[in-house]
Amino acid sequence: MIGNFEYSNPTKLYFGKDALSNLSFELSKYGDKVLLCYGGGSIKKNGIYDQVITILKDCGKTVIEDAKVMPNPTVEKLYEGCKLAFDNKIDLILAVGGGSVCDYAKAVSVSAYCKTDPWEKYYLKMEDVDNKIIPVGCVLTMVGTGSEMNGGAVITNHEQKLKIGHVFGDNVFPKFAILNPEFTYTVPKYQMVAGIYDIFNHITEQYFSGDDDNTSDYIAEGLMRSLIHSSKIAVQNSNDYEARSNIMWTSTWALNTLISKGKSTDWMVHMIGQAIGAYTDATHGMTLSAVSIPYYRFICPYGLQKFKRYAINVWDVNPNHKTDEEVALEGLKCMEQWMKDIGLVMNIFELGVEEQMINDIAKSCFILDGGYKKLSNDDIVEILKKALN
Ligand code: NZQ
Ligand code: ZN
């Protein structure tokens with residue numbers, strides 16, 4: 001491990017079938033006014049809304065509802081939430097939903113008291129928070145993003161064709177998160193597998209970088225093996241508690257800052273995926289799966305030894321009598337087969353991208369340089385063309 005780092009994670013997690021019973025204790029730490037954020041209505045159909053409302057009422061809270069947080073929350077919705085939170089002098093924001101609702105809650109928490117335009121401040125200028133932050137708690141209903149235990153808050157601006165994530169510090173992490181794997185049983189299969197790939201890609205984004213011997217990489221390999229194993233069970237039987245609970249826990253660890261410690265990270269699949277998301281509003285995990293194989297084939301020669309290690313340690317490729325390149329490519333083939341088997345979208349055409357959009361998507365893509373190769377605009381165009389079908 002080469003890098004210096006600080007590590008702390010202030011989010012208190014409650015995990016398991018009885019996790020929600022801890023909500024009243026957490027609520028007792030905050031004032032009366034709770035902004036209850038949720039999505040398009042899934043929590044009303046599966047009964048989670050009723051359970052949460054009963055606890056809020058029993059605790060004597062005044063609940064202000066902020067519903068219809070859309071997947072890939074928009075800047076317009078953020079402005080609405082800020083007004084609600086500010087006007088009602090909210091004491092706690094309770095997010096009940098997936099990554100979109102949790103991200104949105106965090107974005108509102110730092111923006112409600114922001115004196116300037118939060119989109120410009122946090123997303124275009126990437127400035128830090130210097131105003132009051134409203135505490136956030138999460139009841140997670142869909143897994144993938146890790147938003148329940150991190151400072152990420154991704155917002156989409158359709159007018160500017162930009163989807164940008166600000167990773168806030170640990171003062172913005174949720175104060176608590178309630179994780180009951182059974183709450184995820186009703187997630188549609190498309191969303192479930194998109195979430196599974198989001199988790200996987202969070203791990204690979206942090207794994208494919210650097211050439212030092214890093215503890216984080218060994219943890220990453222274990223997480224990937226667990227996820228591959230449980231994903232195969234969950235696609236067969238979505239109510240398998242053991243598999244769903246392992247996926248939920250892996251999801252949290254994949255992006256709660258631990259496995260990035262002491263090393264550089266890549267994140268270019270996410271940058272390309274987010275640019276596609278800004279143009280198509282497609283499901284986040286599918287924007288990642290659709291470009292991953294062309295991206296990893298493209299950078300494989302620049303990080304050959306790591307791709308070889310990945311093939312052997314994650315996919316059990318036998319390296320005997322093969323060149324390094326053959327081993328590495330066999331690993332990517334195994335990954336591609338697994339992705340197809342669990343039902344991921346493997347091309348961007350299916351997400352609504354057409355050839356004439358590719359140059360614009362590439363132009364709006366942020367380029368980072370923590371991976372094995374800093375991409376040029378032409379490289380991104382080439383990868384997107386390969387991902388087209
Ligand atoms: O809106 P409702 O009706 O609740 O339906 C949602 C939504 O349509 C549904 N859903 C959630 N829980 C359900 C359920 N349906 C039935 N039963 C349940 N229990 O699932 C759909 C998708 O939900 P969403 O929250 O959008 O999914 P996800 O968790 O994948 O979040 C995606 C957002 O998170 C951002 C993405 O960019 C995207 O905006 N990300 C956040 C990150 C972070 N905070 O660190 C990192 C990620 O890389 C990602 O960028
Ligand atoms: Zn992601």
Side-chain angles (χ1 to χ4, degrees), residues 11 37-49 51-52 66-75 77-78 95-107 123 136 138-157 162-168 172-174 177 179-206 238-239 244 247-248 251-252 254-257 260 265-278 280-289 291-292:
T11 305
C37 301
Y38 57 97
S42 71
I43 64 164
K44 290 207 167 157
K45 286 193 208 123
N46 59 24
I48 298 171
Y49 173 87
Q51 292 181 56
V52 170
D66 186 3
K68 298 207 171 8
V69 178
M70 61 291 282
N72 311 319
T74 63
V75 68
K77 180 70 186 163
L78 170 62
V96 184
S100 293
V101 179
C102 297
D103 276 23
Y104 169 79
K106 282 180 261 177
Y123 294 92
V136 170
C138 299
V139 177
L140 197 65
T141 67
M142 133 118 209
V143 309
T145 64
S147 187
E148 68 277 10
M149 205 183 195
N150 70 35
V154 183
I155 295 294
T156 300
N157 187 322
L162 289 171
K163 180 176 185 185
I164 304 178
H166 188 125
V167 181
F168 293 96
V172 183
F173 283 34
L179 276 61
N180 179 347
E182 287 181 336
F183 286 0
T184 69
Y185 283 175
T186 53
V187 173
K189 190 173 176 204
Y190 186 89
Q191 297 292 343
M192 179 185 80
V193 295
I196 288 171
Y197 191 71
D198 192 19
I199 304 168
F200 196 81
N201 191 247
H202 292 157
I203 305 170
T204 52
E205 297 273 31
Q206 296 167 95
S238 61
N239 287 14
R244 293 307 284 270
I247 293 169
M248 192 173 220
S251 177
T252 302
L255 198 53
N256 72 356
T257 76
S260 65
T265 52
D266 182 352
W267 294 109
M268 275 315 295
V269 172
H270 268 68
M271 292 305 106
I272 301 172
Q274 280 176 201
I276 293 168
T280 60
D281 206 26
T283 297
H284 172 65
M286 297 307 190
T287 65
L288 310 174
S289 61
V291 299
S292 278

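Nothing fancy with the numbering, it's 1 onward along the sequence. First listed ligand is number 1; within each ligand, the first listed atom is number 1.
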Does the N or O separation between Gln191 and ligand 1 drop below 3.5 Å for any pair?
no
Determine the minimum heavy-atom distance between Thr257 and Phe173, stating which atoms define it.
CG2-CZ, 3.9 Å
Donor-acceptor contact present, side-chain Lys106 to main-chain Gly152, <3.5 Å
yes
The NE2(His202)-the Zn ion (ligand 2)-OD1(Asp198) angle, to 10°, is 80°
Correct closest heavy-atom pair for Asn150 and Thr145 would be ND2-O, 3.7 Å
Quick one: which ligand 1 atoms are inside 4.0 Å of a heavy atom on Lys163?
36 (C), 37 (O), 38 (C), 39 (O)
Applying a strict 4.0 Å limit to heavy atoms, is Gly151 in contact with ligand 1?
no
Looking at Asn46, which atoms of ligand 1 are within less than 4.0 Å of one of its heavy atoms?
17 (N), 18 (C), 19 (N)
Check the orientation of His166 and Phe168. Use parallel for under 30°, tilted for 30 to 60°, and perpendicular for over 60°.
parallel
Considering non-hydrogen atoms only, spot the tightest contact between Arg244 and Ser238 and give its length.
NH1-O, 2.8 Å
Just to confirm, does any protein heavy atom lie below 4.0 Å from atom 9 (C) of ligand 1?
no
If you scan the protein for heavy atoms around atom 42 (C) of ligand 1, do you find one that is closer than 4.0 Å?
yes
